[in-house]
Amino acid sequence: MTENEIKLQKAATAIKYLLDRSRRDDKLYYQIGFGTEAFRLLTDAHAALTGEEVAAVEKRYGA
């Protein structure tokens, strides 16, 4: 695995962690959940890293 692939993998892991955690933590969801700029940026990045459609990621992690 190249250094760049390792960096992308770590970024993907961190983004997924935040999205998953926000689903379980109401306070965090309020700050980075659906409708926030953070949510838009996180879901867009997650979609780009996983090859999924942004709409599918938003639906899965949204309200």
Side-chain angles (χ1 to χ4, degrees):
M1 189 175 287
T2 68
E3 184 178 336
N4 202 34
E5 289 171 330
I6 292 169
K7 288 177 184 179
L8 289 173
Q9 184 180 27
K10 288 182 179 194
T13 299
I15 291 165
K16 185 174 183 324
Y17 172 81
L18 284 172
L19 289 169
D20 286 340
R21 176 87 190 270
S22 73
R23 292 173 67 189
R24 298 186 314 268
D25 184 331
D26 290 339
K27 290 178 183 178
L28 183 60
Y29 187 83
Y30 178 77
Q31 293 176 345
I32 68 167
F34 185 79
T36 67
E37 182 69 6
F39 182 81
R40 188 189 68 75
L41 292 169
L42 287 167
T43 54
D44 187 49
H46 186 68
L49 289 167
T50 62
E52 295 180 71
E53 294 291 324
V54 174
V57 176
E58 288 177 346
K59 184 176 181 181
R60 184 168 59 249
Y61 292 106

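There is a path of hydrophobic side-chain contacts, each under 4.5 Å, that joins Val57 to Leu8.
Between the CG atom of Leu18 and the OG1 atom of Thr13 there is a distance of 11.0 Å, given to the nearest 0.5 Å. In this structure, CG on Leu28 lies 11.0 Å from CG on Asp20, to the nearest 0.5 angstrom.
The two atoms that bring Ala45 and Ile15 nearest to each other are CB-CD1, 3.6 Å, heavy atoms only. Taking all atoms of both residues into account, the shortest heavy-atom contact from Ile32 to Phe39 is O-CB, 3.3 Å.
Inter-residue side-chain proximity for Arg60 and Arg23 is flagged as met; some heavy-atom pair is nearer than 4.5 Å.
Partners of Asp25 under the side chain to side chain donor-acceptor pair (under 3.5 Å) rule, at least two apart in sequence or in another chain, are Arg21.
Of the residues Thr43, Leu42, Asp44, Thr50, the one that meets the side chain to side chain contact (heavy atoms under 4.5 Å, CB included) test with His46 is Thr50.
Atom CD of Glu53 has 12 or fewer neighbouring heavy atoms from other residues, nucleotides or ligands inside a 6.0 Å radius.
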